[in-house]
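Lettering follows sequence order; numbering is per chain, from 1.
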Amino acid sequence: MNKRRISQTFFNKTTLSIAHSLLGCYLVRKVGRKVQRAKIIETEAYVGLKDKASHASRGLTRRTEVMFGLPARAYVYLIYGMYYCFNIVTAKQGYPAAVLIRGVILNNKLINGPGKVCRELKINKKINNENLLLSKKIYLERGNKVPGVKIKSAPRIGVDYAGKWKYKKWRFFVK
DNA sequence: GATAAGATCATCT
DNA sequence: GATGATCTTATCA
């Protein structure tokens with residue numbers, strides 16, 4: 001058993017606080033024999049039915065049902081026909097919330113943008129609904145703690161249509 | 001430096 | 001049939 005692997009208790013807090021805590025942790029992806037460990041440096045939170053920027057704001061659909069499900073699952077979807085985005089589902093079953101991984105460092109290479117992260121880590125819809133606590137293909141590990149002063153927050157990206165919700169500072173990144 | 005357009009498809013109306 | 005939690009390339013100033 002991997003001691004550094006993130007366990008259920010990590011998800012036992014608010015989505016915002018999880019998005020914050022994920023910074024500095026590692027996203028581990030196994031493809032065949034290859035293992036990639038990507039350090040998370042940027043996240044975005046999508047919380048609740050009322051968050052217009054969230055896919056869940058229009059209610060439960062086939063696509064978003066993973067977000068309404070159990071925490072610590074992966075929510076992967078295709079956007080603009082060509083890019084996948086990788087999210088970690090949070091909050092309890094029945095309440096839609098997730099944290100989008102926007103940026104990582106892989107082999108000392110900065111990868112900014114959810115589409116690029118998924119391309120580099122070979123994330124596709126097969127990963128959708130994977131249990132990050134149990135899966136051997138993709139999971140999370142604790143990293144070095146990031147000092148609070150190095151963590152910045154800002155409005156989310158690409159959600160201008162979301163009315164007042166676009167001003168929420170639910171994007172977190174390491175300076 | 002900034003802004004605009006094109007690629008391309010699952011999902012929703 | 002319209003649209004989007006994006007990225008890259010092209011064109012402008």
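- Checking C:dA13 for Watson-Crick or G-U wobble geometry (two distances, each under 3.5 Å) identifies no partner in any strand.
- Summarising the base pairing, B:dT8 is matched to no nucleotide, lacking a Watson-Crick or G-U wobble pair whose two defining distances lie under 3.5 Å.
- Following rounding to the nearest Å, A:Y75 (OH) and B:dA10 (C1') show an atom-to-atom distance of 11 Å.
- Comparing atom distances between the A:K116 side chain and each of C:dG4, C:dT8, C:dA5 picks out C:dT8 as nearest.
- As a whole-Å value, the separation of A:I157 CD1 from C:dG4 C1' is 15 Å.
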If you apply the rule side chain to side chain contact (heavy atoms under 4.5 Å, CB included), what do you find for A:V104 with A:K39, and how did you get there? CA-CA 5 Å; A:V104 299; A:K39 189 177 190 174; 5.9 Å; no
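- As a whole-Å value, the separation of A:R171 CZ from C:dA5 C1' is 12 Å.
- Between B:dC12 and A:T61, a contact under 4.0 Å exists linking OP1 or OP2 to a side-chain N or O.
- For A:R142 (side chain) and A:I6 (main-chain N/O), no donor-acceptor pair under 3.5 Å exists by modelled atom type.
- Once the 5.5 Å centre distance and the 30° plane angle are applied, the aromatic ring of A:Y80 is found not to be stacked with the base of B:dA7.
- Between A:K125 atom NZ and B:dA10 atom C1' there is a gap of 7 Å when expressed in whole angstrom units.
- Between the CD atom of A:E44 and the P atom of C:dT6 there is a distance of 7 Å, rounded to whole Å.
- A:R102 comes within 4.0 angstrom of sugar-phosphate atoms only, judged by non-hydrogen atoms across all strands, and of no base.
- The distance from atom CG of A:L110 to atom P of C:dC7 is 12 Å, rounded to the nearest whole Å.
- With hydrogens and angles ignored, a donor-acceptor pair closer than 3.5 Å exists between the side chain of A:Y77 and the base of C:dA5.
- When distances are taken from the side chain of A:I79 to each of C:dA5, B:dC12, C:dC7, the shortest belongs to C:dA5.
- Nucleotide C:dT6 holds its P atom 12 Å from the CG atom of A:L78, rounded to whole Å.
- One finds no side-chain N or O of A:R62 lying less than 4.0 angstrom from the OP1 or OP2 phosphate oxygen of B:dA10.
- Within the 4.0 angstrom heavy-atom criterion, base atoms lie near A:G81.
- A donor-acceptor pair under 3.5 Å is formed between the side chain of A:T43 and the backbone N or O of A:A19.
- For the pair A:K13 and A:F10, the cation-pi criterion (under 6.0 Å, within 45° of the ring axis) is fulfilled.
- Between A:R63 and B:dC9 there is no side-chain N or O to OP1 or OP2 distance below 4.0 Å.
- Under 4.0 Å is where a charged nitrogen must lie from a carboxylate oxygen, and between A:E44 and A:R156 no such pair does.
- The interatomic distance linking A:M67 (CE) with B:dT11 (P) rounds to 15 Å, in whole Å.
- Distances shown here put every side-chain N or O of A:K52 at or beyond 4.0 Å from the OP1 or OP2 atom of C:dA5.
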